[in-house]
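Here is the naming used below: chain letters follow the sequence lines, and residue numbers restart at 1 for every chain.
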Amino acid sequence: MRQTNQRRHHSHQPSPQHRHYTLIVWALVGLLALPLLATLLYSLASRWGATMLPDGLTLRWYLELWGEPRFLAAFARSLLLCFAALALSLALILPLALVAHTRWPWLDKLMKLLMLLPFAVPPVVGSVGLLQLYAGGPLPLVGTPWILIACFFTLTVPFMYQAMATSLKAIPLRDLLDAAHLLGASTPQAFIQVILPNLRNGVLVALFLSFSFLFGEFVFANLLVGTRYETLQVYLNNMRNHSGHFTSALVISYFFAILLLTWMANRFSRSA
Amino acid sequence: MLSQPIALNTALRRQPRLRLARGSLGALLAVLPFFLMFGLFQLAPLAWVAVNSLLVDGQWSLGHFREALGSPFMRQALGNSLWVSALSSVLGLIIAALSSYALYRSSSRLRELVLAFASMTSNFSGVPLAFAFIILLGFNGSLSLLLRQWGLGDDFNLYSTQGLLLIYTYFQIPLGVLLLYPAFDALRDDWQEAAALLGASPWVFWRDIGLPVLWPAIAGTLLILLANAMGAYATAYALTSGNLNLLTIRIASLVAGDIYLEPQLASALAMLLVGMLVLTAVVNQCLLQRSRYAPD
């Protein structure tokens, strides 16, 4: 697919028209990059008053940020929450996807329907019910990291299930399982040793994408837990009245984390 | 799907009932934890909201909906959410469509680079995005100061629906490009050449061939952008600490505000939002099914 596209597009001769299109593309890149570049420059500026360019450059704000215990703690909490939610998501959705593609095909149809739910029910709506159901009673989870792990899991369902379903449909699942059975493997053994290695890349891409998505989650984190278990996004919001240079350094540090994750996702999707 | 696995068939012949029962039990145990968690944290909250939006003092009633739609303040929130979402989606879609066509006509190296950049910026949303715009265009933003020096942009206020419209349009663009570009890839170069040979002007080509092919993707993208903007909360909240009157801001302030809480009224507003989002999802599904040119 990719190769045929490349061949087709390579046939375009550089023409005046071609240059116009390249110009539009670069205008798009410039437009998308503008807020980021301004933030980057602001985070490196020692002072930026009423001039076009800052007075001087410094790394002071980054040093201040990365020496701030509250920031480091929030960063660590966000990482921990994302890892926990992704581990949970993998542990719950993988068996589901395997059953849906080997034994109960109706489950796959049901999942296609359920996958639409997180889109129709944005976190703000979910929070209304969650705050009433889990503020007290038998499961007093509001204000604890546990409710965030559970909610983050629900957010990953569409990405993770879709990725697994696509990977499972791409391999000769029946033949692989039959061959494993003929060679004396039990069904769980066949899943772990034969099927899982075939899903590795597809699932890794979904994990990276889900991670960068969860890392930026603010609504659940702010409404359900807030400062009781402050995540990076909540911390960023609470720093609103702090120096703009400091918050810029925070935004840029966050963006570099996202950059790294999407770059890794891209690499894995290429080898998938 | 159609043929039973050979191994399972032979096993069934050997120990029919036992093997089947054990397998089904195993499958059930494998999917149960998922449905438990999904039920508790996705279905149950939605069910609570749906039921409580219709309960007034323990009686079934449409009172909360009447109260929500009767209040000018809530109607303003609903109106703001609708027009900011609709306008930002249309603007974002137009820019995304022009960019996607330009990308389709660009060299493959540039295209892959820009698509990777778009997928990165599509993750740049919520609180950090609001902050980046405050730094660029806020009261003392670098671009605001510059524009003011030139005597421009005096009447622009970032901390208003105007500013929100700008930021929403910004986050719709990379998303729109990522959703739309694959559809442009389905256009064949030779169609345009063939149409030109048969005497069609570029305008006629786009009216009779190009747009009909792209139309399901364009409509679907518009609906996804619309739903995305209507459900958004973080950007607007971070921009003004919740002082903008939007539907999502109203819902959140009724359950987690400082003054007094009305979770049932919040539920009614939430159900209005869910209703609109479900409607866009249903229309989108219909479009996908009707599309003769869908990828598969």
Side-chain angles (χ1 to χ4, degrees), chain A residues 5-6 8-9 21-22 24-25 28-29 32 35-36 38-39 42 48 50 52 92-93 95-96 99 103-105 116-117 119-122 124-133 150-151 153-154 174 177-178 181-182 212 216 218-219 223 233 236-237 244 247-248 251 254-255 258-259 262 266, chain B residues 1 5-7 27 30-31 33-34 37-38 41-42 44-46 48-49 98-99 102-103 105-108 110 114 116-117 119-121 123-128 131-133 135-136 142 145-146 173-174 185 189 227 231 233-234 238 248 251-252 255-256 263 266-267 270 273-274 277-278 281:
Chain A
N5 283 345
Q6 272 172 4
R8 172 147 52 86
H9 287 287
Y21 294 126
T22 311
I24 295 175
V25 171
L28 169 77
V29 172
L32 292 181
L36 279 167
T39 312
Y42 206 76
W48 197 352
M52 181 152 181
L92 296 184
I93 301 176
L96 178 85
V99 170
R103 186 171 277 272
W104 292 336
L116 296 174
L117 267 181
F119 293 112
V121 187
V124 171
V125 174
S127 297
V128 174
L130 288 162
L131 277 170
Q132 309 307 318
L133 288 170
C151 290
F153 149 74
T154 62
R174 292 272 170 203
L177 276 182
D178 290 348
H181 282 142
L182 283 173
S212 51
F218 172 73
V219 186
L223 288 176
Q233 295 283 322
L236 176 58
N237 183 50
T247 48
S248 301
V251 169
Y254 164 80
F255 190 71
I258 295 293
L259 198 85
T262 28
N266 266 334
Chain B
M1 296 286 155
I6 310 155
V31 302
F34 170 85
M37 289 298 283
F38 194 78
F41 295 96
Q42 179 81 66
L46 178 63
W48 192 94
V49 169
L98 292 175
S99 309
L103 273 177
R105 288 287 179 198
S106 303
S107 71
S108 60
L110 179 66
V114 173
F117 182 68
S119 88
M120 252 177 291
T121 45
N123 272 313
F124 189 57
S125 60
V127 186
F131 277 41
F133 269 88
I135 285 152
L136 192 67
S142 37
L145 293 175
L146 198 67
I173 296 171
D185 227 14
D189 279 349
Y233 165 77
T248 47
I251 294 170
V255 288
S267 298
L273 180 60
V274 170
L277 295 178
V278 167

Aromatic ring pairing Phe255(A)/Phe124(B), orientation class (parallel under 30°, perpendicular over 60°, tilted between)
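If you compare the ring of Phe255(A) with that of Phe124(B), the planes turn out perpendicular.
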
With chain B, which of [options] has the greatest number of heavy-atom pairs at distances under 4.5 Å?
options: Thr39(A), Asn237(A), Val29(A), Leu259(A); answer: Asn237(A)
options: Ser212(A), Cys151(A), Gly216(A); answer: Ser212(A)
options: Leu223(A), Val125(A), Ile93(A); answer: Val125(A)
options: Gly126(A), Gly244(A), Ser248(A); answer: Ser248(A)
options: Thr247(A), Val128(A), Leu116(A), Leu131(A); answer: Val128(A)
options: Leu32(A), Ile24(A), Val219(A), Val251(A); answer: Leu32(A)

Results of side-chain contact (heavy atoms from CB on, under 4.5 Å) for Leu133(A) - residues two or more places apart only
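side-chain contact (heavy atoms from CB on, under 4.5 Å) list for Leu133(A), sorted by chain: Ala44(B), Pro45(B), Trp48(B).
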
Is any side-chain heavy atom of [X] closer than 4.5 Å to a side-chain heavy atom of [Y]?
X: Val121(A); Y: Val49(B); answer: no
X: Pro122(A); Y: Leu277(B); answer: yes
X: Leu136(B); Y: Tyr42(A); answer: no

What part of [X] gets closer than 4.5 Å to chain A, counting heavy atoms only: side chain, backbone, both or neither?
X: Phe131(B); value: side chain
X: Ala116(B); value: both
X: Ala227(B); value: neither
X: Phe38(B); value: both

What part of [X] gets within 4.5 angstrom of chain B, counting heavy atoms only: side chain, backbone, both, or neither?
X: Leu28(A); answer: side chain
X: Leu130(A); answer: both
X: Ser127(A); answer: neither

Atom CZ of Phe119(A): over 12 foreign heavy atoms under 6.0 Å
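No, the 6.0 Å shell around CZ holds no more than 12 heavy atoms from other groups.
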
Check the pair Val124(A), Leu273(B) against side-chain contact (heavy atoms from CB on, under 4.5 Å), reporting the backbone distance first and the verdict last.
CA-CA 10 Å; Val124(A) 171; Leu273(B) 180 60; 5.5 Å; no

Give the minimum heavy-atom separation between Leu117(A) and Gln42(B), together with the two atoms involved.
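Of all heavy-atom pairs spanning Leu117(A) and Gln42(B), the closest is CD1-CG, 4.2 Å.
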
Exercise: identify the closest heavy-atom pair between Ala30(B) and Val99(A)
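Heavy atoms only, the tightest pair is CB-CG2, 4.0 Å.
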
Using a cut-off of under 4.5 Å for heavy-atom pairs, which of [options] has the most such pairs with chain A?
options: Thr121(B), Asn123(B), Val274(B); result: Asn123(B)
options: Ala266(B), Ser267(B), Pro263(B); result: Pro263(B)
options: Val127(B), Thr248(B), Val31(B); result: Val127(B)

